[in-house]
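Each chain gets a letter, A, B and so on, in the order its sequence line appears, and its residues count up from 1. None of the values given here were measured: they were computed from a predicted structure. Note: hydrogens, waters and symmetry copies are ignored here, and every other heavy atom, side chains too, is used.
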2 protein chains.
Amino acid sequence: MELIQVIKALSDETRLRILNLLYQGELCVCELEALLDINQSNASRHLNRLANARILESEKRAQYVYYRIDEDTLREYPFIKEILDNELVKVERCREDLNRLSQYRESGISCDDLKDGKLCFDS
Amino acid sequence: MELIQVIKALSDETRLRILNLLYQGELCVCELEALLDINQSNASRHLNRLANARILESEKRAQYVYYRIDEDTLREYPFIKEILDNELVKVERCREDLNRLSQYRESGISCDDLKDGKLCFDS
DNA sequence: TGACCATATTCGATTATAATCATATATTAT
DNA sequence: ATAATATATGATTATAATCGAATATGGTCA
């Protein structure tokens, strides 16, 4: 059942955190690594799982792969949107992640700079 | 995260089928066994998992344990209701289960009679 | 009381999932 | 070309989920 694949894809904290960030707009893999403080391999695998369930789509631009939420799937499964809109805001960890994202956006740093360790968060 | 426990509890076909039936009203364990054609130990385990996530509540009456959906939890997590209302109807298996439930209701058979094999479904 | 029945729980085997480390591939930059 | 970087993918290990069969528990009824 495809529905179950979708629900399973949502049943992991890291993947919910990824969706929470991407709900604000697309990000590349290395940005997600830095923002969520997870290693490259984990990031890639979780992203792959979400993309397999068609919750995410990806696009390669230059050396980076950008992931974003698949809007068609959101429309097909409105409960996903429900979770994104109403549940994740209740989760402390997800609110912190959004703060980090804001800091990152405001800093003007691009993902080209991430490797230089220019990104450091308060928390 | 409690949210993840809830989502995990929903990420299994048998458990979704159980919820689909109980959404029509409470049933005891042996009725669910017969309607879903699953064995006793599986029925009990899946029910327990749903009850642990507080998606179900149970009540013992005479020798039977009746399970029903916990309405408070439905209100707390509206996405569950979304799934029950909009997703399960799309699932062939769940529609078949509802047919069986109708037959069962119309037959006038009670769960006291189930063990005698009085219940037999078309499909 | 004792036999029976509905349900829960344990056990062992199997499979799925997640994390980590190492390596492969492909793109960019020099 | 060569080196460096971003991402994906094996291989391995640890942990959790699932299932069927058997057993335990606790209530019911003769």
Q: Starting from P on dC19(D), measure out to CG on N48(B) and report it in whole angstrom.
A: 14 Å
Q: What string of B, S and - do you get for nucleotides 17-30 of chain C 5' to 3' if you count protein non-hydrogen atoms under 4.0 Å?
A: SSBBB-----SS--
Q: Ion pair present between E59(B) and R68(B), side-chain N to carboxylate O less than 4.0 angstrom?
A: yes
Q: Rounded to whole Å, how long is the line connecting atom CG of L32(B) with atom P of dT7(C)?
A: 9 Å
Q: CD1 of I4(A) versus P of dT15(C): gap in Å, rounded?
A: 19 Å
Q: Between atom CG in L56(B) and atom P in dA8(C), what is the gap in whole Å?
A: 11 Å
Q: With a 4.0 Å cut-off on N to O distance, would you call R75(B) and D72(B) a salt bridge?
A: yes
Q: Given atom CD1 of I38(B) and atom P of dT7(C), what is their separation to the nearest angstrom?
A: 12 Å
Q: Can you tell whether the side chains of K90(B) and E76(A) come within less than 4.0 Å, N to carboxylate O?
A: no
Q: For the side-chain hydrogen bond (donor to acceptor under 3.5 Å, both in side chains) test, which of R54(B), E2(B), E82(B) pairs with Y77(B)?
A: E2(B)
Q: Please state how far atom CD1 in I7(A) lies from atom C1' in dA17(D), giving the value in whole angstrom units.
A: 16 Å
Q: Residues in side-chain contact (heavy atoms from CB on, under 4.5 Å) with N39(B), at least two apart?
A: S41(B), N42(B)
Q: With sugar-phosphate meaning primed atoms plus P, OP1 and OP2, does Y67(B) contact a base, only sugar-phosphate, or nothing at under 4.0 Å between heavy atoms?
A: sugar-phosphate
Q: Axis-to-axis angle across the helix from dT1(C)-dA30(D) to dT30(C)-dA1(D), five pairs an end, to 10 degrees?
A: 20°
